[in-house]
Amino acid sequence: MTIRRLALPALAGLLAAAPALAQDSEVVLTTAVPFLQIEPDSRAAGMGNAGVALADNAYAVFWNPAGLARQEGTEVSFTHAPWLPALGADLSFEYLAAKHSLGELGTVGGHLTYFNLGQQTRTNSEGEELGNFRSYEIAAGVSYGVEVVDNLSVGAGARFVYSSLTGNSDVGGTGTFPGKTFGVDLGAIYQAPTLPLARGATPSVGFNLGNVGPGISYSDSGLSDAIPTTLRFGAALDTRLDDFNRINVAVDFNKVLVDRDTSGNYASPISAIFSSWGGRQINTAPRDGTCEEFASDTDPSNDGNCQTLGALQQLTLGAGLEYWYNDLLALRTGYFYEDPNNGNRQFITFGAGIRYSLVGVDMSYIYALEENSPVANQLRFSLLLQIPR
């Protein structure tokens with residue numbers, strides 16, 4: 001049997017057969033379950049996907065579990081987004097998060113993520129349809145944050161991941177099944193003393209090492225794909241201008257800590273944390289081949305096809321600005337940049353938020369700067385509900 005529609009960009013690199021590409025011929029290093037990298041918070045999404053040093057609501061379970069530590073009360077949050085609307089794909093993203101303060105003992109949080117990958121059609125080798133099935137992915141986890149000393153908070157989290165892509169079909173004669181794995185998060189936030197700017201400006205810095213865990217397999221072949229272990233680090237500045245006006249500025253740097261050896265095999269998640277910072281050879285040629293093959297190619301049209309992608313080029317940048325009026329109405333904008341040889345996502349974000357009594361609503365919108373971007377016109381909506389004691 002074969003399966004149609006699994007070539008959607010949202011599914012690329014998810015099947016266990018994906019590791020066939022060697023590192024030196026791959027432009028973008030793919031991983032399994034990339035839905036774990038989707039930013040669920042419409043607030044931070046409206047600020048260029050910058051949130052590791054803010055992390056001051058229930059979505060801290062994604063951005064930085066250390067951000068839970070200084071939070072009070074109980075909150076439930078929900079995000080919905082039709083995913084990759086520019087592709088006309090039947091995809092959607094749902095994220096449910098909650099947190100509850102334990103007082104001086106810290107704060108616990110949890111989340112449930114559901115990524116709908118739409119309906120697929122199962123066919124045989126002659127192209128005859130054999131029925132339909134749905135592909136989806138789920139992640140569920142818990143987090144905890146606590147302030148260990150004045151102004152320094154630490155946090156940790158863990159999640160279970162279930163990825164059902166093929167409907168247990170045979171693909172190319174190989175039996176498939178849903179993939180299962182887990183990931184662990186570690187984070188910290190330091191809130192520096194207030195600066196004498198306007199009515200007071202509070203800087204903070206944070207980092208989060210997320211999704212550290214074993215690879216995931218979808219078939220009896222014994223092959224497995226790495227999950228997207230990601231390092232986020234950044235800073236934020238919360239400035240109160242007067243009794244009614246407040247501004248937040250945030251900047252994040254992100255890097256996927258995944259590495260392959262010269263045979264194309266994924267490195268272990270722990271070793272990749274260190275080895276993935278080296279330069280990576282990429283092939284930008286319009287035809288297949290490895291950089292070793294091009295080295296012996298005398299065709300001058302292939303000059304410059306193989307390039308070294310440095311560590312800084314493998315980082316993504318997110319920066320954002322948020323304005324609050326009376327802690328009731330927020331306006332946001334941001335910028336996201338990824339190197340052209342490392343994915344080339346470049347977009348401006350816009351967002352708005354309202355807080356009234358126990359309810360908050362946020363929305364964000366992506367304006368892509370590159371043509372035919374799959375993330376163009378991406379809308380995201382979040383609902384926050386404070387639970388009274």
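Side chains are part of it too, since the values below use all heavy atoms of this structure and drop only hydrogens, waters and symmetry mates.
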Count the heavy atoms of every other residue, nucleotide or ligand shown that sit under 6.0 Å from CD of Glu72, and state whether that count exceeds 12. no

From Asn208, Val61, Asn64, residue fulfilling side chain to side chain contact (heavy atoms under 4.5 Å, CB included) relative to Asp185: Asn208

How many angstroms lie between CG in Leu152 and CD1 in Ile189, if you round to the nearest 0.5 Å? 10.0 Å

Going from OH on Tyr162 to CZ on Phe160, what distance comes out if it is rounded to the nearest 0.5 angstrom? 8.0 Å

Mind listing the closest non-hydrogen atom pair of [X] and [Y] along with its distance?
X	Y	value
Ala250	Met47	CB-CE, 4.2 Å
Ala53	Gly234	CB-O, 3.8 Å
Ile247	Leu321	CG2-CD1, 3.4 Å

Please verify the inter-ring angle class for [X] with [Y]; under 30° counts as parallel, over 60° as perpendicular, anything in between as tilted.
X	Y	answer
His111	Tyr95	parallel
Phe233	Phe253	parallel
Phe347	Phe336	parallel

Distance-only polar pair, side chains of [X] and [Y], donor-acceptor under 3.5 Å:
X	Y	result
Asn326	Arg246	no
Asn248	Tyr323	no
Ser163	Tyr218	yes

For [X] and [Y], indicate whether the former's side chain and the latter's backbone hold a donor-acceptor pair under 3.5 Å.
X	Y	result
Thr181	Pro214	yes
Gln378	Val375	no
Thr333	Phe350	no

Taking the six-membered ring for Trp and the full ring for Phe, Tyr or His, determine whether the centres of Phe93 and His80 are under 6.0 Å apart. no

Using 4.0 Å as the upper bound for N to carboxylate O, is an ion pair formed by Arg380 and Asp362? no

I'd like to know if Glu75 and Lys99 make a salt bridge, using a cut-off of under 4.0 Å between side-chain N and carboxylate O. no

